[in-house]
There are 2 protein chains.
Amino acid sequence: MDCPSRELLDLIGGKWAILILCCLQQGPVRSGELKRSVGGISQKMLTQTLRELERNGLVHRVSHPEVPPRVEYSLTTLGKSLSGVARELEKWLVEHYNAILDHREKHAGSIEDYS
Amino acid sequence: MDCPSRELLDLIGGKWAILILCCLQQGPVRSGELKRSVGGISQKMLTQTLRELERNGLVHRVSHPEVPPRVEYSLTTLGKSLSGVARELEKWLVEHYNAILDHREKHAGSIEDYS
DNA sequence: CGGAATCCTATGGGATACTG
DNA sequence: CAGTATCCCATAGGATTCCG
């Protein structure tokens with residue numbers, strides 16, 4: 001079974017990629033601010049995830065040769081189009097999240113209770 | 001930063017969930033056949049993922065009281081609607097996958113090469 | 001045949017300290 | 001300030017075996 005969706009999930013399925021993409025939707029953001037606005041992300045994962053996004057052409061990195069250093073990240077065209085997809089995901093979830101929660105509750109404990 | 005997309009990824013971000021949902025799109029499939037048609041999945045992950053999908057109301061499980069046992073899985077209404085979202089993901093990916101691959105190649109080795 | 005129960009490893013990800 | 005380098009752990013997931 002080959003299902004391209006899987007590939008996409010490899011791109012954005014990590015714990016932080018989507019959050020970062022969301023944070024970049026408003027325009028260029030510099031590293032430190034990005035870290036704060038994502039919230040809870042470690043320095044390591046911030047860099048690592050950004051490198052990955054960069055490698056896939058979703059995020060653009062600009063390093064200003066100043067001191068102290070200043071680095072800004074922004075979405076590429078490709079990244080913007082992907083964040084559009086992310087909004088589709090959001091949309092689906094907010095529409096159906098209650099249904100999921102409801103089902104979980106009904107299912108809590110019982111095994112014989114199908115819907 | 002809260003981004004509902006993340007929640008959805010928790011639902012289907014695993015290694016197998018999407019594949020299973022795809023395999024169920026054609027209609028009810030029994031366990032063994034599902035395992036074969038997914039390909040490469042272990043017994044453990046098959047059951048585990050199905051239980052999770054079931055728990056979230058995406059998949060429906062019917063056990064026929066026969067011997068040898070026969071169990072069939074199918075998509076619920078919710079599951080079907082989700083697999084629709086999956087197709088959106090697919091669509092995006094097939095449209096942009098080459099762009100991603102191209103970018104990766106250009107990026108291979110160079111760090112200073114932005115797009 | 002469908003699945004539960006173990007055991008085990010690979011790795012995603014966190015905390016921390018150090019550099020330019 | 002931005003990033004790298006370690007160290008460490010929790011857990012996702014694979015292989016295998018046993019049960020109705």
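In the text below, chain A, chain B and the rest are named by the order of the sequence lines, each starting its count at 1.
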N or O in side chain of [X] less than 4.0 angstrom from [N] OP1/OP2:
X: B:Ser31; N: C:dG3; answer: yes
X: B:Ser63; N: C:dG2; answer: no
X: A:Lys35; N: D:dG3; answer: no
X: B:Arg70; N: C:dG2; answer: no

Length of the [atom1]-[atom2] vector between [X] and [N], whole Å:
X: B:Arg51; N: C:dA5; atom1: CZ; atom2: P; result: 11 Å
X: B:Met45; N: D:dA15; atom1: CE; atom2: P; result: 12 Å
X: A:Gln48; N: D:dA5; atom1: CD; atom2: P; result: 12 Å
X: A:Trp16; N: C:dG13; atom1: CH2; atom2: P; result: 9 Å
X: B:Arg36; N: C:dG2; atom1: CZ; atom2: P; result: 9 Å
X: A:Lys44; N: D:dG3; atom1: NZ; atom2: P; result: 16 Å
X: B:Leu46; N: C:dA4; atom1: CG; atom2: C1'; result: 13 Å
X: A:Tyr73; N: D:dC1; atom1: OH; atom2: P; result: 15 Å

Q: Could you pull out the closest heavy-atom pair between B:Asn56 and A:His103, with the gap in Å?
A: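 Taking every non-hydrogen atom into account, C-ND1, 4.0 Å.
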Q) Rounded to the nearest 0.5 Å, what separation is found between the CG atom of B:Leu89 and the CG atom of A:Leu11? A)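 Nearest 0.5 Å value for the CG-CG distance: 11.5 Å.
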Q.
With a 3.5 Å distance limit and no angle check, can you tell me whether A:Arg6 reaches the backbone of B:Lys15 through a side-chain donor-acceptor pair?
A.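 Yes; judged by distance alone, with no hydrogens or angles, the pair exists.
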(Q) Between A:Arg36 and A:Glu33, does the salt bridge (Lys or Arg N to Asp or Glu O under 4.0 Å) criterion hold? Intermediate values first, please. (A) CA-CA 5 Å; A:Arg36 269 181 293 103; A:Glu33 186 183 354; 5.4 Å; no
(Q) Starting the side chain at C-beta, find the nucleotide from C:dA4, D:dC1, D:dT4 nearest to A:Arg30. (A)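 Nearest listed nucleotide: D:dC1.
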Q: Could you walk me through whether B:Cys23 and B:Val29 pass the side chain to side chain contact (heavy atoms under 4.5 Å, CB included) test, one step at a time?
A: CA-CA 8 Å; B:Cys23 287; B:Val29 181; 5.7 Å; no
(Q) Can you work out whether A:Lys15 or A:Gln43 has the more 5'-proximal nearest nucleotide on DNA chain C? (A)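 Nearest-nucleotide comparison on DNA chain C picks A:Lys15.
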